[in-house]
Structures are given as C-alpha cells and as structure tokens.
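Single-structure report; data block below.
Just follow the structure's listing: the first ligand is 1, and inside any ligand the first atom is 1.
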Amino acid sequence: MTESIRPQPGILKIALYQGGAAHVAGRSDAVKLSSNENPFGPSEKAKEAFSRAVHTLHRYPGTDHAALRGAIGEVHGLDPDRIICGVGSDEIIHFLCQAYAGPRSEVLFTEHGFLMYRISALAAGATPVAVRERERTTDVDALLAACNTKTRLVFIANPNNPTGTMIGLAEVERLARGLPPQAILVLDGAYAEYVAGYDGGAELATRLPNVFMTRTFSKIYGLGGLRIGWGYGPRAIIDVLNRIRGPFNLSAAQQETAEAAVRDQDYAERCRAENARLRVWLTEALAEHGVPSDTSMANFVLARFADEAEAVACDGYLQSQGLIVRQVAGYGLPNCLRITVGDEASCRRVAHAVGQFKGSR
Ligand SMILES: *Cc1c(COP(=O)(O)O)cnc(C)c1O
C-alpha cells in the first residue's frame, strides 16, 4: 500500500471491540454468561414474526420504520415521530457521533463506561474523554467539571455496563441542566427494562431539548443476534440523525420481529421478574463465598476479587468448569469479572464454581 493512502485521523486509535467469548475448547456444554444475553431468548411471538418474514425476502423493506416506531410509541407512550430505529443501539450511538462530534470536539463518557462511545467518537474524528466515577458510579459533578466549549456529547449508560450501578433521575436532570449549551446528554437505556418502574429517561428526553435516549432489543427482548435498537429525543435531533441513516438500514425481518417483541410486554415482564429474583440470589451466593459486588440494577453482576491475579485465576477455573464470564480489564476493572444472570441452573453452577475456587485458596 502506498504511504499516501491513510485513514482519517483517529481511526487507527480504535482498538477492535472484543465480544464476549462463546466457547470453551473441548466442551460442548459450556454456558455463556459473558454478553448479558437473555437466557430465555426472545418471546414466541417474536420468533413467529421472524419465521413469517421468510416469505417476503425478495421485497425491499420500508424505509421509515413506521409500524415499528408506532408500536414502540404505543407501548412506551411516546410520539413515534421522535423515534429513530437502527442496527442495534450501536448504530444510533454512531449516528450521534457522526452528526454532532468531529475534529476539535470532545465526547465525554464515564471511566467504566461502554466501549462503543470511545470507538464511535474516534471514528468521527472527535476526542474521547473518560471522566472518573465515584465508587463505580456515575459522578455528575465530575462530568460537569469536565465540560468545556468543545464538549458536544455526554454519554451515560443508566444502569451502566459493566458496573450495574445507576443514578436517579433527579441527578440525571441536574447533569442535563448543567451542560454547556452546545452539548447533548445521551442516556443509554440498554438495561432500562430491568429496572421496575423506570422509563429510561424518556420523560426527561420529552421535556428537555438537550436529552436523547437510546434503547435496544438486544437485552431483555433477547434479540442481540438480530441487531435492532432505537433512539428517542427532540425532533430536531431525530431530523438530523435521519439524514445520515441509510434508508434500508433495517431489514423487514428486523422491523417485524422487533415490533412483535415490543408488543409482548407480558413476556418482557416475566423476564424482568425472573432476572430480579435470580440476581438477588446470585449476588448473595457470591457474597457468601467472599466475593462482593455493588447492587446491580441490570442483568449481570460485577463480581469483585482481591486483585487482578485472583480475578484472572477465577476466570480460568470457571472456564475449566464450562462457564464463560467476562474479564473487564478493558473497562478499567482488572480485579472484577462480569457475570450475566443466566437461568436458575446457570446461576447455581457459577455460584458453586466460584465457591469451589475460593475454597481452594
Ligand atoms: C449491550 C449494550 C448496548 C446494546 O447494543 P446493541 O447495539 O443495541 O446490541 C448498548 N449499550 C450498552 C451500555 C450495552 O451494554
């Protein structure tokens, strides 16, 4: 390749995203607890909608996602004209960075925040800025102190991945109101459905001109493999994002399956309740084995070990037992392992194995 052919500044600073491992060599019964997937999969209604889509594969999909936006709007009580759908919430995050950040601008996120914010900021040529947290929790004062005239986007996941912690809506509103006038607060609500009675910040995004919310079908709806997400916020921002969205970004199968999934709120509620029950059980079982964690509001637990060596050794032991969890050194948490709340049998297996590991030391 010639020396003159070079990508835009920032691109080569992007470290490739490492997904959660899915296999252990030599084991066919391994349980994947590394990607915060719904252990029960999608609702039957969503699966039926996906099967029906096979009959129209030769047709181009609709470009305005009207039926899906209408269903989301109905279920959440939101104006469908203020909703945009994308290839996972990852694509919405990408649109936001492409449209609002760029060279000489800064994109803020928290110390242990989701890696996609950094990747999308760099892809847009912007400068990513990680802001310290307090006890693995978003620190509004630290974020406000990090803002300046170059700040264009501030991302917080609430609840956050991989910490599982969240801040209250009064704190979120204080952050939104304290931002410089050119900055947008993006509330990543990937895990919002796991918090009973929480709207993901939808009401704030309805009321304030600088608040935008992202959501996904990858977590509680069990459709990570199909790649569907959505965003909601001020009309002016939706209008901007739609200009850079590919008209055919979502296939008919994606749109129809997501619509069936969001309409099946009974199923989502059952998944939420089962996750809450098993999360408490897993948290307490780990604590009894001397492995503490913060109170998680999501579908995973961030297990804390004495140090990095112990976390890595425990991960190795779990793998030998066919249990795949996530090392989170890349998130600045080298002494922790993130464990997805699986079904009851998986929770029992992982708690038992952690107990065996701790007992052998
Ligand atoms: C899993 C996750 C998402 C979802 O991404 P998709 O592209 O919708 O699959 C978004 N944000 C956070 C913080 C997540 O953990």
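The N161 neighbourhood of ligand 1 comprises atoms 13 (C), 14 (C), 15 (O), with distances under 4.0 Å to a heavy atom of that residue. Close contacts between ligand 1 and A190 involve ligand atoms 2 (C), 3 (C), 10 (C), 11 (N), 12 (C), 14 (C) [criterion: under 4.0 Å to a heavy atom]. Of all atoms in ligand 1, numbered sequentially from 1 with element shown, those under 4.0 Å from a heavy atom of Y191 are 1 (C), 14 (C), 15 (O). Near S218, the atoms of ligand 1 lying under 4.0 angstrom from a non-hydrogen atom of the residue are 6 (P), 8 (O), 9 (O). Atom numbering of ligand 1 starts at 1 in the shown order; those under 4.0 Å from a heavy atom of R227 are 6 (P), 7 (O), 9 (O). Atoms of ligand 1 lying under 4.0 Å from any heavy atom of G88, numbered from 1 in the order shown and given with element: 6 (P), 7 (O), 8 (O).
Regarding atom 2 (C) of ligand 1, its nearest protein heavy-atom neighbour is K219 NZ, 2.4 Å. Atom 11 (N) of ligand 1 has its closest protein heavy atom at D188 OD2, 2.6 Å. When only non-hydrogen protein atoms are considered, atom 4 (C) of ligand 1 lies nearest to S89 OG, 3.3 Å.
Applying the side-chain contact (heavy atoms from CB on, under 4.5 Å) test to Q8 and every residue at least two apart in sequence or in another chain returns I11.
Looking at R272 and E193, no side-chain N of the basic residue comes within less than 4.0 Å of a carboxylate O on the acidic one, giving no salt bridge. R136 and E133 are not joined by a salt bridge, as no carboxylate oxygen comes within less than 4.0 angstrom of a charged side-chain nitrogen. No salt bridge links D264 with K47; every basic N to acidic carboxylate O contact stays at or beyond 4.0 Å. E74 has no carboxylate O lying under 4.0 Å from a charged side-chain N of R69, or vice versa, which leaves the two without a salt bridge.
For an aromatic pair to be called close, the ring centres must be under 6.0 Å apart, and F155 with Y117 satisfies this.
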Please tabulate, for side-chain N and O atoms in residues 218-239, each donor-acceptor pair with protein atoms closer than 3.5 Å (sequence neighbours left out).
| from | atom 1 | to | atom 2 | distance (Å) |
| --- | --- | --- | --- | --- |
| S218 | OG | T216 | OG1 | 3.0 |
| S218 | OG | R227 | NH1 | 3.4 |
| K219 | NZ | Y191 | OH | 3.1 |
| Y221 | OH | Q265 | NE2 | 2.9 |
| R227 | NH1 | G224 | O | 3.3 |
| Y232 | OH | T206 | OG1 | 2.6 |
| R235 | NH2 | D79 | OD2 | 2.7 |
| D239 | OD1 | R243 | NH2 | 3.3 |
| D239 | OD2 | R243 | NE | 3.3 |
| D239 | OD2 | R243 | NH2 | 3.0 |

